[in-house]
Protein chains: 2
Amino acid sequence: MSARTPEAEPLLTPAEVATMFRVDPSTVTRWAKAGKLTSIRTLGGHRRYRETEVRALLAGIPQQRSE
Amino acid sequence: MSARTPEAEPLLTPAEVATMFRVDPSTVTRWAKAGKLTSIRTLGGHRRYRETEVRALLAGIPQQRSE
DNA sequence: GAATAATCGGGTAATTTGGGGG
DNA sequence: ACTGTCCAAATTACCCGATTAT
């Protein structure tokens, strides 16, 4: 193992977010397209979501969206 | 006096890059083969990746193509 | 040199994407 | 307005045995 571990923020797959919200994965995609959810893209175009943001939304904490 | 520090740019292992993107290590290998990610090879043939490039890609900053 | 973990390849399932329509 | 479903194409995940890293 390398001595240094780069800090990486935990990300979730579309399926994981869908399971947590009890919705279809395509619905999560719509949320991302609508800007309701921050999405990070893999180099192949697949979306990943911030775990902290998802948990906050699940907890009912209103998020602040710039623009 | 302290010894000199060789100029070494920080490199990441396939597993580290995979964790940061929340993908399988084999996917990172695929990106390297596709030329989407610069890869440096160890003498044994294992790949290492530039931390600065990985971070930039994660941040969504489009990189220039060397070609 | 030995032991364990990680990364190589390849091949095959499973997931995701985007658009369209109910 | 919001969601679930259908489709094909693209991308990713998991499997293996062999090689490399520590």
Under 4.0 Å from OP1 or OP2 of [N]: is there any side-chain N or O of [X] that close?
{"X": "A/W31", "N": "D/dC2", "result": "no"}
{"X": "B/T27", "N": "D/dA13", "result": "yes"}
{"X": "B/R47", "N": "C/dC8", "result": "yes"}
{"X": "A/T29", "N": "C/dG18", "result": "no"}

Atom-to-atom span, [atom1] of [X] to [atom2] of [N] - whole angstrom:
{"X": "A/R30", "N": "C/dG22", "atom1": "CZ", "atom2": "C1'", "answer": "12 Å"}
{"X": "A/L43", "N": "C/dT17", "atom1": "CG", "atom2": "P", "answer": "14 Å"}
{"X": "B/F21", "N": "C/dT16", "atom1": "CZ", "atom2": "P", "answer": "18 Å"}
{"X": "B/L12", "N": "C/dT7", "atom1": "CG", "atom2": "C1'", "answer": "15 Å"}
{"X": "A/L11", "N": "D/dT12", "atom1": "CG", "atom2": "P", "answer": "14 Å"}
{"X": "A/Y49", "N": "C/dT17", "atom1": "OH", "atom2": "C1'", "answer": "10 Å"}
{"X": "B/R41", "N": "D/dA21", "atom1": "CZ", "atom2": "P", "answer": "11 Å"}
{"X": "B/D24", "N": "C/dA14", "atom1": "CG", "atom2": "P", "answer": "16 Å"}

What does A/S26 touch in the nucleic acid at a heavy-atom separation under 4.0 angstrom: a base, only the sugar-phosphate, or nothing?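 Contact class for A/S26: base.
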Looking only at side-chain atoms of [X], point me to the closest of [options].
{"X": "A/K33", "options": "D/dT11, C/dT16, C/dG18", "value": "C/dG18"}
{"X": "B/T42", "options": "D/dT12, D/dA21, D/dC2", "value": "D/dA21"}
{"X": "B/R48", "options": "D/dA21, C/dT17, C/dT15", "value": "D/dA21"}
{"X": "B/H46", "options": "D/dT12, C/dT17, D/dT20", "value": "D/dT20"}

Please round to the nearest 0.5 Å and tell me the distance separating atom OG1 of A/T13 and atom CZ of A/R47.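 Taking OG1 in A/T13 and CZ in A/R47, the distance rounds to 13.0 Å.
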Whether [X] side chain and [Y] backbone form a donor-acceptor pair below 3.5 Å:
{"X": "A/E53", "Y": "A/T38", "value": "yes"}
{"X": "A/R48", "Y": "B/R22", "value": "yes"}
{"X": "B/T27", "Y": "B/V23", "value": "no"}

Quick check: on DNA chain D, is the nucleotide nearest A/P25 upstream (toward 5') of the one nearest B/R22, or the reverse? Name the residue that is more 5'. A/P25
Out of curiosity, does B/Y49 fall in the hydrophobic cluster containing B/I40 (side-chain heavy atoms, cut-off under 4.5 Å, transitive links)?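 No, it is not one cluster - the side chains of B/I40 and B/Y49 are not joined through contacts under 4.5 Å.
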